[in-house]
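Worksheet: one structure, shown below.
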Amino acid sequence: MTHEIPASFKALVLRQDDGKTISAIEQLTKDDLPEGDVLLSVDYSSINYKDSMAVTGTGKIIRTWPMVPGIDLTGTVIESQADSYKLGDKVLLTGWSVGEQYWGGYSQYQRVQSKWLIPLPEAIDGKTAMAIGTAGLTAMLCIMALEDANVKPDSGPVVVTGAGGGVGSVAVAILSNLGYNVTAVSGRKSTHDYLKSLGAKEIISREEMLKPSRPLEAQRWSGAVDTAGDAILARVLAETDYNGAVAACGLAAGYKLPTTVMPFILRNVRLQGVDSVMCPNERRQIAWKRLAQDLPQNALSEINRVVALEDVKQVAEDMMNGQNQGRVVVDLNA
Ligand code: NDP
């Protein structure tokens, strides 16, 4: 099987001009692509919070210029110097600083390192994998962290913050499907029906969770998936049950943590950080297997929408304004 690469193909490229990030769709050639032992025809990518930061030039996400962003991709191997992959293999890549330091998924063709790839899990097609993406993988890693801390469906209510976003939506859907009693925290009334359809039993406002907390508050949560950080994470910790656990993965509200040691030393609360970027391949593969098994298809179709490369900039701006709902898949051939 051979695959002819066209003379040129499209990619979203970020360049710096006088300290400002400029994003544009450009025509690239095979020779423009970086070094790597596997050449892929990219089928789908996705838009995560980090991608939005990169595309809008928020924070210091990009480490080399010019950059093709897109921290996630699925595609088909069209050239391989790696023993582990052959022509026609369907593969999946998330994280490993791709889309930050190395060129990523917002290109119809991309050359990457085989060590960053995993075979596309059998039960999942490329579009579904990108509907899950880094956000969904992170949600699953958070849930696995709660399980490691012995938080069980019958342990009591669990809370998910930033619930309307990508990580939050997938976490709500999986936890509900596993039988947990899920409370969703959302800053938008418009997400309430959506979050209920994903299985949330209760919804509380972001405003309520932003109120400054005392070192210890009444115990409400056996576990938590926190995508917000800052005052929201501080309140979650103060409200977590004796022996409960909090998986912290995000900073949608801010990177600070205005808390005290009280939840840890008086209630035995566990705060577990969760990173998906450098997560070892072994744990990733377990997480993807769990995603195929524990995230119901109907919830996933509710969660995701598909856009073209030309739409990425607008979606990124909406995301930075806190307006994103669920997951956004990018179809490179749309
Ligand atoms: P999204 O933009 O899809 O979701 C973030 C959600 O947070 C929003 O939809 C909104 O939900 C809520 N939110 C927005 N602004 C604020 C605010 N000022 N205060 C509190 N909540 C807010 O992003 P993702 O779901 O992709 O990512 C969520 C977070 O997780 C990000 O901080 C991201 O960097 C982090 N992340 C970390 C990873 C890791 O490996 N550790 C991997 C992936 C993501 P609502 O309106 O419902 O409140």
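Every value quoted in this text rests on a predicted model; they were computed, and no experiment measured them. Every number for a ligand or one of its atoms is a count from 1 in the order of the listing.
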(request) Just go through Met278, Met319, Arg327 and tell me whose heavy atom is the nearest to atom 2 (O) of ligand 1. (result) Met319

(request) Answer whether the closest heavy-atom distance between the side chains of Ile232 and Arg206 falls below 4.5 Å. (result) yes

(message) Are Met278 and Ile71 linked, directly or through intermediate hydrophobic residues, by side-chain heavy-atom contacts shorter than 4.5 Å (ILVMFWY only)?
(response) no

(message) Side chain or backbone, does Ser186 bring an N or O within less than 3.5 Å of an N or O on ligand 1?
(response) yes

(message) On a heavy-atom basis, I'd like to know which of Gly95, Ala316, Gly165 is closest to atom 5 (C) of ligand 1.
(response) Gly165

(request) Starting from atom 48 (O) of ligand 1, locate the nearest protein heavy atom and write down its residue, its atom name and how far away it is, to 0.1 Å. (result) Gly187 N, 2.8 Å

(message) Consider side-chain contact (heavy atoms from CB on, under 4.5 Å). Of Val172, Leu198, Thr183, which one does Val160 pass it with?
(response) Val172

(message) Just to confirm my output: which protein heavy-atom neighbour is closest to atom 29 (C) of ligand 1, and how far is it?
(response) Thr227 O, 3.6 Å

(request) For Asn324, take its heavy atoms, then give the atoms of ligand 1 lying under 4.0 Å from any of them. (result) 3 (O), 9 (O)

(request) Measure the distance from atom 46 (O) of ligand 1 to every protein heavy atom, then report the residue, atom name and distance (to 0.1 Å) of the closest one. (result) Arg188 NE, 2.7 Å

(message) So does Lys211 get a backbone contact from the side chain of Arg235, meaning a donor-acceptor N/O pair under 3.5 Å?
(response) yes

(message) I need the contact type for Ile232 against ligand 1. Using non-hydrogen atoms and a strict under-4.0 Å cut-off, is it side chain, backbone, both or neither?
(response) side chain

(request) Taking Thr259 for its side chain and Leu237 for its backbone only, find out whether a donor-acceptor pair lies under 3.5 Å. (result) no

(message) Is there a polar contact, in the sense of an N or O pair closer than 3.5 Å, between Gly250 and ligand 1?
(response) no

(message) Do the side chains of Arg327 and Glu302 get close enough for a salt bridge, i.e. N-O under 4.0 angstrom?
(response) no

(message) Taking Gly133's backbone N and O only, do any of them form a donor-acceptor pair with Thr94's side chain (distance below 3.5 Å, no angle check)?
(response) no

(request) Could you list the atoms of ligand 1 found under 4.0 angstrom from a heavy atom of Asp275? (result) 40 (O), 41 (N)

(message) Out of all atoms in ligand 1, which are within 4.0 Å of some heavy atom of Thr134? Include the element for each.
(response) 42 (C), 43 (C)

(request) Quick one: look up the protein heavy atom nearest atom 34 (O) of ligand 1 and list residue, atom name and how far away it is. (result) Tyr49 CD2, 3.4 Å

(request) For atom 38 (C) of ligand 1, state which one of Cys249, Gly162, Ala231 supplies the nearest heavy atom. (result) Cys249

(message) Any nitrogen or oxygen of Thr191, side chain or backbone, less than 3.5 Å from one on ligand 1?
(response) no

(message) Between Met209 and Leu175, is there shared hydrophobic-cluster membership here, with clusters defined by ILVMFWY side-chain heavy atoms closer than 4.5 Å?
(response) no

(request) Could you state whether Leu12 and Met319 fall into the same hydrophobic cluster, counting links through intermediate Ile, Leu, Val, Met, Phe, Trp or Tyr residues with side-chain heavy atoms under 4.5 angstrom apart? (result) yes

(message) Under a 4.0 angstrom heavy-atom cut-off, which atoms of ligand 1 come close to Ser276?
(response) 39 (C), 40 (O), 42 (C)

(request) Give the residue, atom name and distance (to 0.1 Å) of the protein heavy atom nearest atom 42 (C) of ligand 1. (result) Thr138 OG1, 3.0 Å

(message) Does either side chain, that of Asn48 or that of Asp51, offer a donor lying less than 3.5 Å from an acceptor on the other one?
(response) yes

(message) Can a donor-acceptor pair be found, under 3.5 Å and without considering hydrogens, that links the side chain of Asp37 to the backbone of Ser114?
(response) yes

(message) Starting from atom 18 (N) of ligand 1, what is the nearest protein heavy atom, named by residue and atom, and what distance separates them?
(response) Ala252 O, 3.4 Å

(message) I'd like to know if the side chain of Thr191 and the backbone of Gly187 have a donor-acceptor N/O pair within less than 3.5 Å.
(response) no

(message) Minimum distance, heavy atoms only, to atom 10 (C) of ligand 1: which one of Met209, Gln323, Arg206 is it?
(response) Arg206

(message) Looking only at distances, can you tell me whether any N or O atom of Val167, backbone or side chain, sits closer than 3.5 Å to an N or O atom of ligand 1?
(response) yes

(request) Quick one: look at Leu251 and ligand 1, take heavy-atom pairs under 4.0 Å, and tell me if it's side chain, backbone, both or neither. (result) both

(message) Tell me if a side-chain donor or acceptor on Gln108 pairs with a main-chain N or O of Lys10 at a distance below 3.5 Å.
(response) yes

(request) Kindly confirm or rule out an N or O of Gly322 lying under 3.5 angstrom from an N or O of ligand 1. (result) no

